[in-house]
A.B. asks: 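My questions all concern the structure below.
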Amino acid sequence: MFSFASICQLYTYDEVFKDIDINDKLDRDTLINTIMDVCGMNEPIYPEIEILQIKVQYFFKKHKEQFDKLVYLYSLKYEEDYNPIWNKDGTKKHIETTVRSKDNTVDDSHSNSINDSGEDVNQVSAFDNAGFSNDSKTSNRNNRNENGNNTTRGNEKENIKLTIEDIEKGNIGVTTTADMLNQEIELQSSFNIYELIARMFFDEFCLHVAYTNQLPY
């Protein structure tokens with residue numbers, strides 16, 4: 001019977017963990033060493049290197065999305081992403097938009113017609129006659145039309161946007177700050193992604209009987 005550590009020593013760690021697909025934020029050496037801490041003294045279910053290598057690759061491929069989510073959760077920063085003593089952290093935004101439009105159009109049109117007409121008559125009288133008779137006649141006629149149109153057009157548009165943002169943060173009193181601190185401490189004490197992956201690895205690849213006759217956790 002070979003322990004997992006013996007197989008890794010025989011075939012090298014690079015062969016056992018060849019081409020595993022892990023998140024870029026995970027350190028490969030730290031991950032392998034943590035797996036060895038948990039699984040090293042136990043006998044693997046697949047002692048043949050060819051089968052073990054395929055199964056190890058499949059393990060990390062199968063859980064890739066799950067491990068990526070865990071990496072994201074483990075990467076959350078205090079203050080920047082969350083506050084452990086807050087149980088309320090929200091933002092409400094109210095937006096009011098008013099649009100006013102006004103069309104100013106003035107049409108000014110006018111039409112004038114002027115007709116001028118007249119006659120000039122020149123009369124003369126004979127030396128032996130006291131009466132007058134027409135000598136010449138001139139007629140004058142003038143027709144004039146004036147038409148005009150003036151249009152003034154203008155548009156007025158006004159946009160009014162009112163934004164009200166309410167930010168609510170802190171402890172609303174449902175849970176005391178001390179209780180939330182204790183929960184955070186308890187969470188962080190078991191919040192190690194390398195150990196979590198190593199324990200999952202143990203469940204899938206190792207017989208639950210070690211040389212010490214004890215489980216690694």
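Being a predicted model, the structure only gives us computed values, none of them experimental.
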A.B. asks: Check side chain to side chain contact (heavy atoms under 4.5 Å, CB included) between Leu26 and all other residues, then give those that pass, not counting sequence neighbours.
C.D. replies: Ile22, Asn23, Val71, Ile193, Tyr194, Ile197

A.B. asks: What residues, two or more places apart in sequence or in another chain, satisfy side chain to side chain contact (heavy atoms under 4.5 Å, CB included) together with Lys69?
C.D. replies: Glu65

A.B. asks: Apply side-chain contact (heavy atoms from CB on, under 4.5 Å) to the pair Glu195 and Val38, showing each step before the final yes or no.
C.D. replies: CA-CA 8 Å; Glu195 291 183 358; Val38 175; 5.9 Å; no

A.B. asks: Side chains of Asn42 and Phe202: closer than 4.5 Å at any heavy-atom pair?
C.D. replies: yes

A.B. asks: Distance-only criterion, 3.5 Å: show the donor-acceptor pairs between side-chain atoms of residues 57-64 and protein atoms not counting sequence neighbours.
C.D. replies:
residue : atom : partner : partner atom : Å
Gln57   : NE2  : Lys18   : O            : 2.9
Lys62   : NZ   : Glu204  : OE1          : 3.3
Lys62   : NZ   : Glu204  : OE2          : 3.3
His63   : ND1  : Gln66   : OE1          : 3.1
His63   : NE2  : Glu204  : OE2          : 2.9
Lys64   : NZ   : Asp68   : OD1          : 3.3
Lys64   : NZ   : Asp68   : OD2          : 2.8

A.B. asks: Where is the tightest heavy-atom contact between Met36 and Ala5, given as atom of each residue plus distance?
C.D. replies: CE-CA, 3.4 Å

A.B. asks: Nearest heavy-atom pair of Cys206 and Cys39: which atoms, and what distance?
C.D. replies: SG-CB, 3.6 Å

A.B. asks: The criterion is salt bridge (Lys or Arg N to Asp or Glu O under 4.0 Å); which residues satisfy it with Glu50, sequence neighbours excluded?
C.D. replies: none

A.B. asks: Pick out which of Ile35, Asp29, Asn33 makes a side-chain contact (heavy atoms from CB on, under 4.5 Å) with Leu31.
C.D. replies: Ile35

A.B. asks: Applying side chain to side chain contact (heavy atoms under 4.5 Å, CB included), can you list everything that pairs with Leu196, at least two apart in sequence or on another chain?
C.D. replies: Leu70, Tyr74, Met200

A.B. asks: State, to 0.1 Å, how close Ile32 and Phe17 come at their nearest heavy-atom pair, and which atoms those are.
C.D. replies: CG2-CE1, 3.8 Å

A.B. asks: Please name all residues satisfying side-chain hydrogen bond (donor to acceptor under 3.5 Å, both in side chains) with Thr12, sequence neighbours left out, ordered by chain then number.
C.D. replies: none

A.B. asks: If I take atom CD from residue Gln9 and atom CZ from residue Phe4, how far apart are they, to the nearest 0.5 angstrom?
C.D. replies: 13.0 Å

